[in-house]
Structure formats: structure tokens, C-alpha cells
> 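Questions regarding the structure given below will be posed in turn.
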Amino acid sequence: MSIYDYTVRDAEGNMIELSQYKGKVLLIVNTATGCGFTPQYQGLQDIYEKYKEKGFEILDFPCNQFGHQAPGTNEEIHDFCQSRFGITFKQFDKIDVNGENESPLYTYLKSQKGGMMGSKIKWNFTKFLVDKDGNVVERFGSTTTPEKIEKTLKEMF
């Protein structure tokens, strides 16, 4: 299996094959709109604008598993992110990243980069960096800001 074998639902309910992202660098992040890390949306948008022309995509997966900090509908989450942070990167359906109902994509991501806390996602805004060949090259915890990821990101183009 590779990341390109997965299909996920976007915020509008469409099924999206991740194979459409072949050849692009991806940052996959579980997000929440009511979290102390929510201001990272601005940093995510900033690096997205800076690198999207080079083949960079951010895949945003809202998650309500941590403190119920993403309680809204997909539309409410999208409206909040657009009006507050002007995000233009792709948002997906709200998912679970741990446990019985976790997204198969996250099961795969965690199997590739378990992180210091084992495979379990500890909190919102955990980030997985995927290279142009679909390899999960790094996992960043919630406290690692998008600005801190930029150095690693630059090396991937």
C-alpha cells in the first residue's frame, strides 16, 4: 500500500483519490477550529501560497476527537477558516485519527511515522510531510508551527 491507494471524502462529500496528488509534496494535517493551535491555519496558508506553484498541497482533515474542538459541520468549519484565515487549500470531511473509527489514511500515516508518542495522534495539528513519490518523510507534533516546517519543506523541491 502507498498513500496513493487511499480515497477520502472532501468537505463537499466527493470521493477524492489521493493518486491525483502524485508528483506533489503534501502536508497532511488534522485540524480544529476551537483549539489553542488554530492560529496555525495562518501559517499553513502562508506556506501554501509560497510553495503551491512548486507542487505543494495541504490536505486539511478536521477532527473533533480532542476536546471536541471541531464541533461544526464541514460547511461551518470551511466558512470559519475562509473568513478568519483566508485558506485556499483543500479541506476534507471531518474524521477520527485514532481509535475504532479512525480513517484508514491515518492508520497508514501512523504506520509510516509513529512519532515520539508511538503511533497515536496526541492532539490537533499533527502534521505529516509526504514527498513527491508518496513517501511519508516526517511527522511533526502540534507544537511545531508551519514556519518551522518550512526548512524541511524547501529541501523537497
> Rounded to the nearest 0.5 Å, what's the gap from CG on D93 to CD1 on I77? Could you check?
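Between atom CG of D93 and atom CD1 of I77 there are 9.0 Å.
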> With distance as the sole test, does T144 use its side chain to make a donor-acceptor pair with the main-chain N or O of F140 at under 3.5 Å?
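Judged by distance alone, no pair lies under 3.5 Å.
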> Work out which heavy atom in I3 is nearest to a heavy atom in L18; give both atom names and the distance.
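It is O-CB, 3.5 Å.
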> Walk me through it: do F92 and R9 pass the test side-chain contact (heavy atoms from CB on, under 4.5 Å)?
CA-CA 6 Å; F92 291 84; R9 188 177 307 277; over 6 Å; no
> Could you check F61 against V8 for side-chain contact (heavy atoms from CB on, under 4.5 Å), going step by step and ending with a plain yes or no?
CA-CA 10 Å; F61 289 90; V8 293; 4.1 Å; yes
> If you take all heavy atoms of R139 and K120, which pair is closest and at what distance?
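Minimum heavy-atom contact is NH2-O, 2.9 Å.
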> Find the distance between CD1 (I149) and CG (L27) and round it off to the nearest 0.5 Å.
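Between atom CD1 of I149 and atom CG of L27 there are 5.0 Å.
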> N124 and Q69: side chain to side chain donor-acceptor pair (under 3.5 Å), yes or no, with the steps?
CA-CA 9 Å; N124 302 310; Q69 295 179 341; 2.9 Å; yes
> For K54, I'd like to know if atom NZ has over 12 heavy atoms of other residues, nucleotides or ligands within 6.0 Å.
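Atom NZ in K54 is not crowded, with 12 or fewer foreign heavy atoms closer than 6.0 Å.
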> Any idea which heavy atoms bring Y48 and I58 closest together, and the distance?
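For Y48 versus I58, the nearest heavy atoms are CB-CD1, 3.7 Å.
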> Does Q20, at its CD atom, have more than 12 non-hydrogen atoms belonging to other residues, nucleotides or ligands within less than 6.0 Å?
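Yes, enclosed.
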> Looking only at heavy atoms, which two atoms of K110 and V97 are closest? And how far apart?
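Taking every non-hydrogen atom into account, NZ-O, 2.8 Å.
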> Does any non-hydrogen side-chain atom of L44 lie less than 4.5 Å from one of V29?
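They are in contact (side-chain heavy atoms under 4.5 Å apart), so the answer is yes.
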> Calculate, to the nearest 0.5 Å, the distance between atoms CG and NZ belonging to D131 and K24 respectively.
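Nearest 0.5 Å value for the CG-NZ distance: 14.5 Å.
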> Can you sort out the partners of F56 under ring-ring contact (aromatic ring centres under 6.0 Å, His included), two or more places apart, ordered by chain and number?
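For F56 there are no ring-ring contact (aromatic ring centres under 6.0 Å, His included) partners, ignoring immediate neighbours.
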> Look at atom CD of E17 and say whether more than 12 heavy atoms of other residues, nucleotides or ligands are closer to it than 6.0 Å.
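Result for CD/E17: open.
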> Show me, pair by pair, the donor-acceptor contacts under 3.5 angstrom made by side chains of residues 31-41, not counting sequence neighbours?
from: T31; atom 1: OG1; to: Y41; atom 2: OH; distance (Å): 2.8
from: T31; atom 1: OG1; to: D60; atom 2: OD1; distance (Å): 2.5
from: T38; atom 1: OG1; to: A32; atom 2: O; distance (Å): 2.7
from: T38; atom 1: OG1; to: T33; atom 2: O; distance (Å): 3.4
from: T38; atom 1: OG1; to: C35; atom 2: N; distance (Å): 2.9
from: T38; atom 1: OG1; to: C35; atom 2: O; distance (Å): 2.9
from: Q40; atom 1: OE1; to: K127; atom 2: NZ; distance (Å): 2.9
from: Q40; atom 1: NE2; to: S142; atom 2: O; distance (Å): 2.7
from: Y41; atom 1: OH; to: D60; atom 2: OD2; distance (Å): 3.1

> Minimum heavy-atom separation for H78 and Q91, please, with both atom names.
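Reported closest heavy-atom pair: ND1-OE1, 2.7 Å.
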> Is the shortest heavy-atom distance from the side chain of F157 to the side chain of K132 under 4.5 Å?
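Contact flag for F157/K132 side chains = yes.
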> Is it true that a side-chain atom of N98 and a backbone atom of I121 form a donor plus acceptor pair closer than 3.5 Å?
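Answer holds: yes.
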> Between Q112 and V136, what is the shortest heavy-atom contact and its length?
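Residues Q112 and V136, closest heavy atoms: CB-CB, 3.7 Å.
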> To the nearest 0.5 Å, what is the distance between CZ (F125) and SG (C63)?
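Atom-to-atom, F125:CZ and C63:SG are 11.0 Å apart.
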> Report the distance from atom CD of E12 to atom CD1 of I16, rounding to the nearest 0.5 Å.
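The distance works out to 8.0 Å.
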> Tell me whether the count of non-hydrogen atoms from other residues, nucleotides or ligands lying under 6.0 Å of CD in E75 goes above 12.
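12 or below, so no.
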> Quick one: does any side-chain atom of N30 pair with a main-chain N or O of T126 as donor and acceptor, under 3.5 Å?
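Indeed, once roles are kept as given, a pair shorter than 3.5 Å links the two residues.
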> Does a side-chain heavy-atom distance below 4.5 Å link S103 with D96?
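Not in contact.
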> Do L153 and I47 come close enough that some side-chain heavy atom pair is under 4.5 Å?
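A side-chain contact exists here, since the closest heavy-atom pair is under 4.5 Å.
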> For D133, what residues pass the salt bridge (Lys or Arg N to Asp or Glu O under 4.0 Å) criterion, not counting sequence neighbours?
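Scan of D133 (salt bridge (Lys or Arg N to Asp or Glu O under 4.0 Å), adjacent residues dropped) gives none.
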> With distance as the sole test, does Q82 use its side chain to make a donor-acceptor pair with the main-chain N or O of D79 at under 3.5 Å?
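No.
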> Please assess V25 against E57 for the test side-chain contact (heavy atoms from CB on, under 4.5 Å), listing each intermediate value before the final yes or no.
CA-CA 6 Å; V25 173; E57 294 290 337; over 6 Å; no
> Between Y21 and Y4, does the ring pair (Phe, Tyr, Trp, His ring centres under 6.0 Å) criterion hold? Intermediate values first, please.
CA-CA 8 Å; Y21 294 105; Y4 301 130; 8.6 Å; no
> In Å and rounded to the nearest 0.5 Å, what is the CD to SG distance from E76 to C81?
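That separation rounds to 12.0 Å.
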> Mind checking whether W123 and F66 have parallel, tilted or perpendicular rings, split at 30° and 60°?
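Ring orientation of W123 relative to F66: tilted.
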> Could you tell me if the ring centre of Y108 sits under 6.0 Å from that of Y6?
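Yes, the ring of Y108 comes within the 6.0 Å limit of the ring of Y6, centre to centre.
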> In the structure I gave you, are the side-chain heavy atoms of L109 and I28 within less than 4.5 Å of one another anywhere?
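Heavy-atom side-chain distance check passes, below 4.5 Å.
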> Could you go step by step and tell me if N74 and K94 meet the side-chain contact (heavy atoms from CB on, under 4.5 Å) rule?
CA-CA 7 Å; N74 288 340; K94 195 184 305 184; 3.9 Å; yes
> Between K50 and Q45, is there a donor-acceptor pair closer than 3.5 Å when you use the side chain of the first and the backbone of the second?
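No, the answer is negative, given that no donor and acceptor are paired below the 3.5 Å cut-off.
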